[in-house]
Amino acid sequence: MELQQHLRHPHPLVFNPEMNHQSEERICCFGCKRKGTGPNFSCSECGFFLHKGCAEAPIEIQHHPFHRDHPLILRQLSSIEEQGGDYCKVCHCYIGEQFSYCCSSCKIAFHLKCSLLQRDTSGNFIEILHRTHQHPLLLIDNQNFLLQYRECSGCSTELVNDSYGCFDCNIFFHKKCVELPIKISHPYHRKHKLILESDFRFCNLCQISHSGLFYRCSICNLDFHSECLPPSVIKDKKHHEHPLTLLLRPNSFTCDACDTQGDTVSYICSTCNIQVHKDCISLPRFIRLTLHRHPLSRNFFLSIHFHDSRTWDCRICYKKINTEHGSYCCSRPNCEFFIHVKCAISQESKFWYDITELENPDEFKELDESGNLIFRVLREIKVGDNVVAAEIIHSSHDQHSLTFNDEINDNKHCNGCMMPISSSFYYCSCCDFFLHKACAELPRRTLLWFPQSSFRLLTYGIFKCWLCDYDCSGFSYKATDFAGLIGLVVCLRCATTPHSFTYQAKEPHYLFYDAENASNCSACGRRRDRKGSYICKDCNFVLNSGCVTLPKTARHNFDEHPLKLVYEDNNDYPFHHWCDICEKERDPKLWFYHCEVCDNAMHPKCVLGEYPFIKLGSKYKYKDHPHPLTFIQKIDYHPLCEKCREPCQDLTLECEEHGCKFVGHWKCLRVFSEVYSYHH
């Protein structure tokens, strides 16, 4: 056991040669604020912790490349501001509560991790001269803060390993890029030697302008980006079972892997008689995606596997699959699911459908939804040839049992999806609680076609649906581990709407979700700039996520009869094109609700309201009020909103605590986040 006193720390530090995995997740180094890994020094009395490298950092550094004029002094957090400010002079990031090196004369500071550069055996900083840059390049290890979020100036890829950098010019290179040979001979240009240079130039191989390291033939005036110069033979059995040979003569071709045109570098397999782009060689042989429950395998020729003249549509873009070129298809027998390679590798598809590579399709495990239900059966009955649960206890309403009923009752709304009761359902005989049978039987955890591997069912709360953007009460599915979109929540209407299906409007349309579509919606006329829309594979019919789930029938106090959703107004009389609720003009090409008895026509928004999927009586916990609030709709008496001091004439929140008169518009009190509040 070693003891060491460190700077101003009052207690001795104990050396630990390694760290257990549990401590790695909990502890951060006081010197660099990174996770505790590897050898370290710690204080048993107060929890003070330092990496071995941080603890052994020199107190003073002379002639540092960042600041050669004065010595840099190691300072703890208490003296950072007085000695050198809050920001690192090199990486320009906030220093905060961690160690730094400071120059008190110049009032500048540097992160501890930015300052600790690699040295040779003599203690000198490791510098090299390179013909592509006028200044010396310093060797930087991969733990240095300087490399975070930076790209190599040679190949434009992320800096993840040891690198070289010039701090005067703020450029960095991978170690492997700096070590590229200065002069080469390459079979793609046999006439002359190629010389390494650094510049922004047009690459004669990929036909794209780059900045970075180029091999140049000044005689022929040709430039080749260093990353584009291909090897003569590629042997990679992970992606293809045979060697692939560089085709030295540039020619126009159709890539057998992705079915797109190419006119630069290609590789051929003489055994399989295929020609592919260089980038397509590394395409994964097996992938998985949320659109399909089975793994997909890459095939160069579907016609070999299906000995007939059938055609198939890609299940992402719904355009025809060329059976003579590459695609991904389901690896299970008799399961006809296909997607284009270009759709599988697009960044948009990878985001929406969570497309990931599989090493071995046999390792693929489907989500087991058995034993995943959230209700308990009390009694069963026989309905026709089927046995159904006649009485259940559901976790969303466990204070009373729910009874089965198969009579349609569109005067009531389901507490799960917030839609009118239009099919068999369960109801509570003690209170106003209804659930569609389909909503009651939803699994606790499931897979959806959205960009996420798993969703968890929540049966309470007020939330904003990530896909349709409606504020909702009722049931929702929440992403369990979605990176980058924390708290992604979707309503049941969006969660249960499939990626592709037939929608019956004036005529049937086969719709699929196009994440890149920005056309005007055929129902409301509005355009979505993000998240795409449902589009018809055969015509220009488009629906956004909010309109695709509009109820086919609705009710409103203005009219005593059920209102039917109509898709186009064929009445040519211009004075007929008015909304009978708001008395404003309607676009006859857009959808509306109509009463066939009274011949009343109304905007969908006028019928359904601003917040059609928040049920009156739902509870909400507002962050600035101590009591739970209840959603109400004031009809006769309109109190003033606590926030805007205007009368509460639309959806309102009211405190039911005795003696508390707090009231406010929902639009004034709503919290702008994915999940506003959960109050159970």
Side-chain angles (χ1 to χ4, degrees), residues 413 415 418-419 431-432 458 460-476 486-487 489 491 493 524-530 544-547 550-551 554-559 563 578-586 592-593 600 602-680:
H413 286 74
N415 283 62
M418 308 309 300
M419 296 287 278
C431 53
D432 186 33
L458 301 177
Y460 51 87
I462 308 298
F463 60 94
K464 181 184 180 68
C465 176
W466 179 78
L467 195 59
C468 69
D469 292 327
Y470 274 116
D471 290 351
C472 309
S473 61
F475 293 5
S476 63
I486 304 302
V489 181
C491 66
R493 297 172 302 284
C524 66
R526 291 191 295 271
R527 175 181 299 179
R528 300 188 85 196
D529 294 329
R530 60 188 182 92
N544 64 40
S545 297
C547 293
L550 282 174
R555 289 185 176 271
H556 193 272
N557 294 334
F558 183 84
D559 196 302
L563 305 175
W578 292 82
C579 173
D580 288 298
I581 295 179
C582 69
E583 298 182 350
K584 293 181 181 179
E585 191 173 4
R586 289 185 300 104
F592 62 99
Y593 281 101
N600 286 325
M602 311 155 200
H603 292 121
K605 190 172 183 178
C606 293
V607 173
L608 301 176
E610 185 74 25
Y611 306 105
F613 303 119
I614 294 182
K615 186 171 184 177
L616 298 181
S618 301
K619 303 295 183 182
Y620 178 75
K621 184 68 179 73
Y622 179 52
K623 62 183 179 65
D624 293 334
H625 189 71
H627 313 133
L629 305 177
T630 303
F631 283 97
I632 61 169
Q633 188 85 48
K634 289 292 186 183
I635 299 175
D636 300 320
Y637 165 59
H638 302 296
L640 298 183
C641 172
E642 291 285 340
K643 290 292 183 182
C644 68
R645 306 307 297 171
E646 294 291 330
C648 292
Q649 294 179 321
D650 52 8
L651 188 64
T652 301
L653 286 163
E654 183 179 62
C655 182
E656 296 184 352
E657 186 78 12
H658 180 69
C660 183
K661 298 182 180 180
F662 184 93
V663 65
H665 293 113
W666 166 240
K667 64 184 178 183
C668 295
L669 302 182
R670 68 202 292 263
V671 180
F672 291 95
S673 60
E674 288 291 345
V675 182
Y676 298 131
S677 170
Y678 281 124
H679 180 70
H680 198 189

Original post:
Would you call C648 and I632 a side-chain contact if the rule is heavy atoms closer than 4.5 Å?
Top reply: no

Subject >> Distance in Å, L550 CG paired with Y593 OH, rounded so as to fall on 0.5 Å steps >> reply: 5.0 Å

Original post:
Got a second to check how far Y622's OH is from L653's CG, nearest 0.5 Å?
Top reply: 10.0 Å

Subject >> Gap between atom NZ of K584 and atom SG of C579 - 0.5 Å precision >> reply: 9.5 Å

Subject >> Polar side-chain atom of S473 near backbone of K615 as donor-acceptor pair, under 3.5 Å >> reply: yes

Original post:
After noting the C-alpha distance and the side-chain angles of W666 and Y620, does the key distance pass the side chain to side chain contact (heavy atoms under 4.5 Å, CB included) rule?
Top reply: CA-CA 10 Å; W666 166 240; Y620 178 75; 3.7 Å; yes

Original post:
Are any non-hydrogen side-chain atoms of L616 and L651 less than 4.5 angstrom apart?
Top reply: yes

Original post:
Looking only at heavy atoms, which two atoms of C472 and R493 are closest? And how far apart?
Top reply: SG-NH2, 3.1 Å

Original post:
Looking only at heavy atoms, what is the nearest atom pair of C524 and N544, with distance?
Top reply: SG-ND2, 3.5 Å

Original post:
Does the side chain of K667 come within less than 4.5 Å of D650's, by heavy atoms?
Top reply: yes

Original post:
Is T630 close to E654 at the side-chain level, that is, under 4.5 Å between some pair of heavy atoms?
Top reply: no

Original post:
If we only count heavy atoms from C-beta on, is the V489 to W466 side-chain gap below 4.5 Å?
Top reply: no

**OP:** Can you label the angle between the H625 ring and the H627 ring as parallel, tilted or perpendicular, going by 30° and 60°?
**Re:** perpendicular

Subject >> Distance-minimising heavy-atom pair for F463 and S476 >> reply: CZ-CB, 3.4 Å

Original post:
Got a donor-acceptor contact below 3.5 angstrom from the H665 side chain to the P647 backbone?
Top reply: yes

Original post:
From D471 CG over to C491 SG, what is the distance, rounded to the nearest 0.5 angstrom?
Top reply: 11.0 Å

Subject >> Residues in ring-ring contact (aromatic ring centres under 6.0 Å, His included) contact with F475, at least two apart in sequence or another chain >> reply: H394

Original post:
Which value, rounded to the nearest 0.5 Å, describes the distance between F613 atom CZ and C468 atom SG?
Top reply: 7.0 Å

Original post:
When rounded to the nearest 0.5 angstrom, what is the spacing between OG1 in T652 and CG in L629?
Top reply: 11.0 Å

Original post:
Is any side-chain heavy atom of D624 less than 4.5 Å from a side-chain heavy atom of K643?
Top reply: yes

